[in-house]
Amino acid sequence: MLKARPTYWPTQRDHKEVWSLAWPMILSNITVPLVGLVDTAVIGHLPESQHLAAVAIGSMIFSIVYWAFGFLRMGTTGLTAQAVGADDDATNRTLLAQSLVMATLIGICIILLQGPIIQLALHWIAAEPLVTEEALNYASIRIYGAPAVLCNFALLGWFVGNQNTKIPLLLLTVTNLLNMLMDIIAVYGLGMFADGVALATVIAEYGSLLLGLYLCRRVLKPMGGQLLRSSLTQIKHYTELFKVNRYLFVRTLAILFSLAFFTAQGARQGTDILSANAVLLNFLLLISNGLDGFAHATEALVGKRAGRQDIKGFYRTITTAAIWSLMTALLFTLFFWLFGGTIIRLLTSLESVQQQAMVYLPWLIVLPIISVWSYLLDGIFIGATQVKAMQNTMLFSVFCVFLPVWWLLRPLENHGLWIAFLTLFLARGVSGGWVFWRLSHHQLWQIKRKGV
């Protein structure tokens, strides 16, 4: 008698489990671009466009500087989730402490190296002189938030890895509300420009860190296990984090290079194109942070399944997340199609920027259904700590697809730049899907945390 083949179609429990983690992250992630949206809206209604362009450039610089160390969140999530699956509280505590130590040290190094970091970035972008001067003022203030930002990455990753997504929702909501309030006070109350926006963001970042540490202490109190001091002071105890994070670091640098390249090419086409692209990139932030809600849930649950060696639960989690991710992407496409023009007008009152943004809006309308698979696959790879695969697919997509397509489509100017940007996400999805199939075919998902 033949045995029934195992089914990986999600049960009602799987849907409930994914949604219980995803909905707080969707809400909290959608609040993340509200920082940029408010910054853009406050500055975008000033009479001169160089203020908006300066904030766009300054924000891009710190997207590179900070997101380059996004492994402090991603690596912490995957390893923590596997520790939870293995019921290893001591490792859970250790991962948090080690991630915070790494984040603080990296943040201090960024502050010490602020001169060459900022000057090199502004020189490479080569915007107009007035824009460059104000962007320098923005960056010189924003840099001092580095330790807080990176420690917040570690805290968010640890909370998600512990299957707790409601605290990240609280932290990000408080941060964004504080940032909005300080933006309005700095720009309209104190008459500041890009420097006021930067100061508001730094205050919000440290406020979030203080709240996060307080909530972290409450979560740790009932947890078992002990944290050994030697695990923080001896470099050999950081080996597991280093192994995972080195691939995530390279992968993040590759995608941030593509974003910086995109911004720089827009800047070379004039201030209006740069400003229009900056407005439209806020749409991308909404897409990425919305879809990342399911990706974060996937990270936590896939890591937990890997820690328990539960291959059936592993695939059911992936199927569940794929269904809801696709539905969310379709909703984003519909929303941008119906209300894209309204969003643009809300973000800026500059007519020339509005006109340029409307020309390129169609590319943003189709972006969600193209990019959804890359976000889902990232969640799978992070949870299973198959981060070398993430690195390799990203490098392929950026250097073998995005840049060659841009080179071929240069005569189309900004349209060619946007088409190349979409092919980057398409290549990530296709190459990541091939790696996923290959790992599944050879049954390589059944990993052991200590052997990563």
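If you read the sequence from its start, that first residue is 1, and numbering goes on from there.
- The ring-ring contact (aromatic ring centres under 6.0 Å, His included) test applied to Phe159 returns no partner, not counting sequence neighbours.
- In terms of heavy-atom proximity, Leu178 sits nearest to Ala204 at CD2-CA, 3.6 Å.
- Looking at heavy atoms from C-beta onward, Met102 lies in side-chain contact with Leu72 at the 4.5 angstrom threshold.
- Residues Leu364 and Phe336 come closest through the heavy atom pair O-CD1, 3.7 Å.
- For the pair Gln163 (side chain) and Gly161 (backbone), a donor-acceptor distance under 3.5 Å is present.
- In summary, Glu299 and Arg73 engage in a salt bridge, as defined by a charged side-chain N under 4.0 Å from a carboxylate O.
- Side-chain rings of Trp373 and Phe436 stay apart, their centers remaining 6.0 Å or farther from each other.
- Not one N or O on the side chain of Thr80 forms a donor-acceptor pair closer than 3.5 Å with the backbone of Asn162.
- Here the closest non-hydrogen pair linking Val302 and Gly383 is CG1-C, 3.7 Å.
- Of all the heavy atoms in Ala297 and Val18, the pair that sits closest is CB-O, 3.8 Å.
- Taking a 6.0 Å sphere around CH2 of Trp363, one finds it holds 12 or fewer heavy atoms contributed by other residues, nucleotides or ligands.
- Under a 3.5 Å cut-off, the side chain of Ser325 and the backbone N or O of Ala322 do not form any donor-acceptor pair.
- Note that CD1 of Ile419 and CG of Leu426 are 12.5 Å apart. Values are rounded to the nearest 0.5 Å.
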- Item | Verdict with reasoning, Phe314 to Ile311, per side chain to side chain contact (heavy atoms under 4.5 Å, CB included) | CA-CA 5 Å; Phe314 176 92; Ile311 197 67; 4.3 Å; yes
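- Side chains of Met182 and Leu199 form no contact here, defined as non-hydrogen atoms less than 4.5 Å apart.
- Under a 3.5 Å cut-off, the side chain of Ser258 and the backbone N or O of Ile255 do form a donor-acceptor pair.
- Rounded to the nearest 0.5 Å, atoms CE (Met74) and CD1 (Ile382) are 5.0 Å apart.
- To the nearest 0.5 Å, atom CG of residue Leu155 and atom CG of residue Leu209 are 6.5 Å apart.
- Side-chain contact, Thr393 with Ser431: no donor N or O sits under 3.5 Å from an acceptor N or O.
- Note that CG of Leu253 is 9.0 Å distant from CZ of Phe71, once rounded to the nearest 0.5 Å.
- The salt bridge (Lys or Arg N to Asp or Glu O under 4.0 Å) contacts involving residues 347-361 comprise nothing, where partners must be two or more places apart or lie in separate chains.
- Partners of Tyr375 under the ring-ring contact (aromatic ring centres under 6.0 Å, His included) rule, at least two apart in sequence or in another chain, do not exist in this structure.
- Contact check on Arg305 versus Glu17 returns a salt bridge, with a Lys/Arg side-chain nitrogen under 4.0 Å from an Asp/Glu carboxylate oxygen.
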Side-chain donor-acceptor distances from residues 138-151 under 3.5 Å, at least two apart:
residue: Tyr138; atom: OH; partner: Ser59; partner atom: OG; Å: 3.4
residue: Tyr138; atom: OH; partner: Arg142; partner atom: NH1; Å: 2.7
residue: Ser140; atom: OG; partner: Leu136; partner atom: O; Å: 2.8
residue: Arg142; atom: NE; partner: Glu205; partner atom: OE2; Å: 3.3
residue: Arg142; atom: NH2; partner: Glu205; partner atom: OE2; Å: 3.4
residue: Tyr144; atom: OH; partner: Gln114; partner atom: NE2; Å: 3.2

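- By the salt bridge (charged side-chain N to carboxylate O under 4.0 Å, His left out) test, Asp14 is found to be paired with Arg316, residues two or more places apart in sequence or in another chain being considered.
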- Show your reasoning for whether side chain to side chain contact (heavy atoms under 4.5 Å, CB included) applies to Leu280 and Leu284. CA-CA 7 Å; Leu280 292 174; Leu284 174 62; over 6 Å; no
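- Within the 3.5 Å criterion, the main-chain N or O of Gly157 finds a donor-acceptor partner in the side chain of Thr77.
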- List the steps and the verdict of side chain to side chain contact (heavy atoms under 4.5 Å, CB included) for Val353 and Thr271. CA-CA 9 Å; Val353 177; Thr271 300; over 6 Å; no
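- In this structure, Leu172 and Leu156 have side chains that are in contact, with non-hydrogen atoms separated by less than 4.5 Å.
- For the atom pair NZ of Lys304 and CG of Leu21, the computed distance is 8.5 Å after rounding to the nearest 0.5 Å.
- Taking both residues in full, the closest heavy atoms of Gly266 and Leu417 are given as N-CD2, 4.0 Å, listed atom of the first, atom of the second, then distance.
- Pairs engaging residues 369-378 under the salt bridge (Lys or Arg N to Asp or Glu O under 4.0 Å) rule: Arg251-Asp378, Asp378-Arg428 [sequence neighbours left out].
- Outside the 6.0 Å centre-distance limit, the rings of Trp406 and Phe262 are not counted as a close aromatic pair.
- Within the 4.5 Å cutoff, the side chain of Ile287 has heavy atoms near those of the Leu291 side chain.
- At distances below 3.5 Å, at least one donor-acceptor pair connects side-chain atoms of Asn164 with backbone N or O atoms of Ile167.
- Asp183 and Val197 make their closest contact through OD1-CA, 3.4 Å (heavy atoms, listed as atom of the first residue, atom of the second, distance).
- The distance between the ring centers of Phe69 and Phe249 falls below 6.0 angstrom.
- Side-chain contact between Phe332 and Phe283: absent, with no pair of heavy atoms (C-beta onward) separated by less than 4.5 Å.
- Rounded to the nearest 0.5 angstrom, Ser397 OG and Leu424 CG are separated by 6.0 Å.
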- Begin with the C-alpha distance, continue with both residues' side-chain angles, and end with the deciding distance and a verdict on side chain to side chain contact (heavy atoms under 4.5 Å, CB included) for Leu350 and Gln354. CA-CA 6 Å; Leu350 297 169; Gln354 289 179 357; 5.9 Å; no
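- Side-chain contact check for Leu377 versus Phe381: some heavy-atom pair is nearer than 4.5 Å.
- Residues Ser208 and Val174 fail the side-chain proximity criterion, which asks for heavy atoms closer than 4.5 Å.
- The shortest distance between side-chain heavy atoms of Phe399 and Phe257 falls below 4.5 Å.
- Between Phe421 and Phe425, the ring planes are perpendicular. Angles over 60° get that label, and only those under 30° would be called parallel.
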